[in-house]
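Have a look at the structure below, then the notes.
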Amino acid sequence: MDSLKRDKRISVLRRTVQGGFALFCLYAGYRFYLFYLWASGQSDIYVPRPPSVEAFLPISALVNLKRLVLTGGFDDIHPAGLTIFMAALVMGLALRKGFCGWICPVGFASNLAESVGRKLKLLQKPPAWLDYPLLSLKYLLLFFFSYLILFQMDLAAMEAFNRSTYNLVVDAKMMFFFLAPSTLSLWILIFLVVISFFLRNFWCRYLCPYGGLLGLLALCSPLKIRRKEENCIDCKKCDRICPGAIQVSGKKSVSSPECIGCGECVSICPAKDCLSLTAPGPRKFPLVTLPAAVLTVFFLFYAWAILTGHWHNDISPDMMRDIYSTIDLHELAHP
Ligand code: SF4
Ligand code: SF4
């Protein structure tokens, strides 16, 4: 049995970067929980609300990206969410799905489940008749949300959504989805974890509309994994390691929207000068170029948002306390 031996440096680097972002998200979630306890009157200790939790509000970000394009007005309710969304879009255009492969904590969890499935020899390759319909699900979800937001919401509807109480506290509702899931949500989460041991990267490959959007943008990305056919020994190790389930061994270059730019195929390839990260023309780049560029884009957007006042919102903590004291968070429905 092939042991998938490889140069593990890029894997270790990726796990470290992904793990760092995941730990930061957990920390931000904990700080947000403390803020919620204060805002809802359950604690006297004030903890500032961490804006980074807005990364988990992509629908609000899409609404406000449209609003930004139409009016030039930047989201002042969840500005950090829009900043992170724009950074991810730029990464998609320039750096494949580097956001999915190197930053997203859900992608990290999905990759870990895949690794467990690989170690336990549970991973299966779904037949094409199942794989293709499943692959289309994330695009259907993307189409659904895009249609509603880009074609059905006018400016007045967007302003109403933005100023709604729901939008103001949607971060807390998201938190309770994970802290106190309904029975149905819990079963769905359990299903997603278990199925991810059998079908690699199940959530990211089949269901995430955010990843679907970045994958479509990545079709324009100049960075690609290229394969020199004459050097390939057809061992197919690249196919077996690829989290995107791409048949790398059958391509001259990988332009699939499923490529998350992880570099695992390059690091496992035993043939000299066979797989490499390239841009148009003969230029090759060291694998580490991609994560370095991903992190640079991410932190440039962060620095820009801090310097221009587009990271923290202008809502005072006391106003949030007033809002939380007048609503039942669990009863509040989508507008
Ligand atoms: S590209 Fe490399 S890893 Fe993939 S089949 Fe060819 S030699 Fe093997
Ligand atoms: S093609 Fe290579 S870089 Fe792209 S997802 Fe597969 S293993 Fe990662």
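Just so you know, ligand 1 is whichever comes first in the structure, and atom 1 is the first atom listed for that ligand.
For ligand 2, the atoms closer than 4.0 angstrom to any heavy atom of Cys242 are 1 (S), 5 (S), 6 (Fe), 7 (S). Atoms of ligand 1 found under 4.0 Å from any heavy atom of Lys236, numbered from 1 in the order shown, are 5 (S), 8 (Fe).
The environment of CG in Asp154 is crowded: more than 12 heavy-atom neighbours from other residues, nucleotides or ligands sit within 6.0 Å. Ile45 CD1: 12 or fewer foreign heavy atoms inside a 6.0 Å radius.
The hydrophobic cluster containing Val193 also includes Val116, Leu120, Leu122, Leu186, Trp187, Ile190, Val194, Phe197, Phe198, under a criterion of side-chain heavy atoms closer than 4.5 Å among ILVMFWY residues, counted directly or through chains of members.
Annotation: atom 4 (Fe) of ligand 2 to nearest protein heavy atom, Cys259 SG, 2.4 Å. Remark: minimum distance from atom 5 (S) of ligand 2 to any protein heavy atom is reached at Ile260 N, 3.3 Å. Closest to atom 8 (Fe) of ligand 2 among all protein heavy atoms lies Cys262 SG, 2.3 Å. In terms of protein heavy-atom proximity, atom 3 (S) of ligand 2 is closest to Gly263 N, 3.2 Å.
Residues Phe85 and Phe99 place their aromatic rings such that the two centres sit no closer than 6.0 Å.
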Would you be so kind as to tabulate the donor-acceptor pairs closer than 3.5 Å made by side chains of residues 28-41, with sequence neighbours excluded?
from  : atom 1 : to    : atom 2 : distance (Å)
Ser40 : OG     : Tyr36 : O      : 2.7
Ser40 : OG     : Leu37 : O      : 3.4
Ser40 : OG     : Gln42 : NE2    : 2.8

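Every pair tested for side-chain hydrogen bond (donor to acceptor under 3.5 Å, both in side chains) that includes a residue from residues 88-103 fails, sequence neighbours excluded, so the list is empty.
Of all protein atoms, those of element N, O or S that lie under 2.8 Å from atom 2 (Fe) of ligand 1 number 1.
Between the side chains of Arg226 and Thr278, a donor-acceptor pair is found at a separation under 3.5 Å.
Considering only heavy atoms from C-beta on, Val63 comes within 4.5 Å of Met153 through its side chain.
Hydrophobic clustering of Ile, Leu, Val, Met, Phe, Trp and Tyr side chains at less than 4.5 Å, counting indirect connections, keeps Val12 apart from Phe108.
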